[in-house]
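FYI, the numbering just counts along the sequence from 1.
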Amino acid sequence: MSNRRTAAHIKFLVIHCAATPNGKPFTAADIDSWHKQRGFTRNMSLFPHHAPTLKHIGYHFVNRVNGVAECGRYELETGAHCIGYNTNGIGICMVGTDAFSPEQWATLKTQVEIFKKRYPGITVIGHRDTSPDTNRNGRVDPQEWLKTCPGFDVAAWLAGGMAPLVGHILPGSH
Ligand SMILES: [Zn+2]
């Protein structure tokens, strides 16, 4: 389901990965076709001129290996990317699984900076951080992850000043 929302709804920035082979240059159009197969549908009557060829994609942005950020859903359009966070979250997808190009890392940093200004108080998390804290110790431990997406520790990346995260940089890139 895809509904209009206001800026006041937006509380979370949820980072995902595409779970595609690292470094393979998939695009938002590819992801749109996969989300079509999963039965996702945008309500194109809301923002008909925003990414008009992508009628299914659940994310708001797709960060390609070359660093280009492609638009998916409009920011004020409910997403389809993370159960429990679709009405109040913006979903950004990094193409790859757990290693990303310096250009992708730089794009993600810019987006976080923009959205922190645009939506004061927004919380930046990784998809796996939304898994339930089943042992109630106050944090989501690796054994509690329902999935590994986005393939890196978002909190550690933020703590490091959003520099490309060691161990998660595409080999061969600089
Ligand atoms: Zn995800």
Distance from S131 atom OG to Q143 atom CD, nearest 0.5 Å?
-> 11.0 Å
For the rings on F12 and F115, is their centre-to-centre separation under 6.0 Å?
-> no
Full working for side chain to side chain donor-acceptor pair (under 3.5 Å) between Y59 and E70 = CA-CA 10 Å; Y59 304 118; E70 284 191 273; over 6 Å; no
Contact check, side chains of I125 and I15, non-hydrogen atoms, under 4.5 Å | no
Which residues pass the side-chain contact (heavy atoms from CB on, under 4.5 Å) test with T110, sequence neighbours left out?
-> I114
Charged N to carboxylate O below 4.0 Å: is that the case for E103 and R64?
-> no
Min side-chain heavy-atom separation T123-L13 under 4.5 Å = no
Going by distance alone, is a donor N or O of one side chain under 3.5 Å from an acceptor N or O of the other, for D30 and S33?
-> no
Measure the spacing between OG1 of T107 and CZ of F100 and express it to the nearest 0.5 Å.
-> 12.5 Å
D133 side chain to V140 backbone, donor-acceptor under 3.5 Å | no
Can you pull the salt bridge (charged side-chain N to carboxylate O under 4.0 Å, His left out) pairs that have at least one residue in residues 85-97, sequence neighbours excluded?
-> none
Could you check E77 against R42 for salt bridge (Lys or Arg N to Asp or Glu O under 4.0 Å), going step by step and ending with a plain yes or no?
-> CA-CA 9 Å; E77 193 180 333; R42 292 176 64 197; 2.8 Å; yes
Quick one: does P21's side chain get under 4.5 Å of T97's, heavy atoms only?
-> no
Drop me the distance from T78's OG1 to N88's CG, to the nearest 0.5 angstrom.
-> 9.5 Å
Rounded to the nearest 0.5 Å, the CD atom of Q111 sits from the NE2 atom of H60 at a distance of 12.5 Å
With a 6.0 Å cut-off on ring centres, are W34 and F26 close enough?
-> yes
Which heavy atom in R5 sits nearest to a heavy atom in I90, and how many Å separate them?
-> NH2-CG1, 3.8 Å
Side-chain heavy atoms of R73 within contact of F61, under 4.5 Å | no
Mind checking whether W105 and W157 have parallel, tilted or perpendicular rings, split at 30° and 60°?
-> tilted
Straight-line distance of H49 NE2 to Y74 OH, nearest 0.5 Å = 12.5 Å
Distance-only, no hydrogens or angles: does the Q104 side chain make a donor-acceptor pair with backbone N or O of S101 under 3.5 Å?
-> yes
Mind checking whether I169 and V112 sit in one hydrophobic cluster, side chains of I, L, V, M, F, W, Y counted as touching below 4.5 Å?
-> yes
Could you state the interatomic distance from SG (C17) to CE (M94), rounded to the nearest 0.5 Å?
-> 9.5 Å
Do M44 and L46 share a hydrophobic cluster, counting only Ile, Leu, Val, Met, Phe, Trp and Tyr and linking them when any side-chain heavy atoms are less than 4.5 Å apart?
-> no
For residues D153 and R128, determine if any side-chain heavy atom of one lies less than 4.5 Å from a side-chain heavy atom of the other.
-> yes
From the options K109, K116, K117, select the one residue that forms a salt bridge (Lys or Arg N to Asp or Glu O under 4.0 Å) with E113.
-> K109
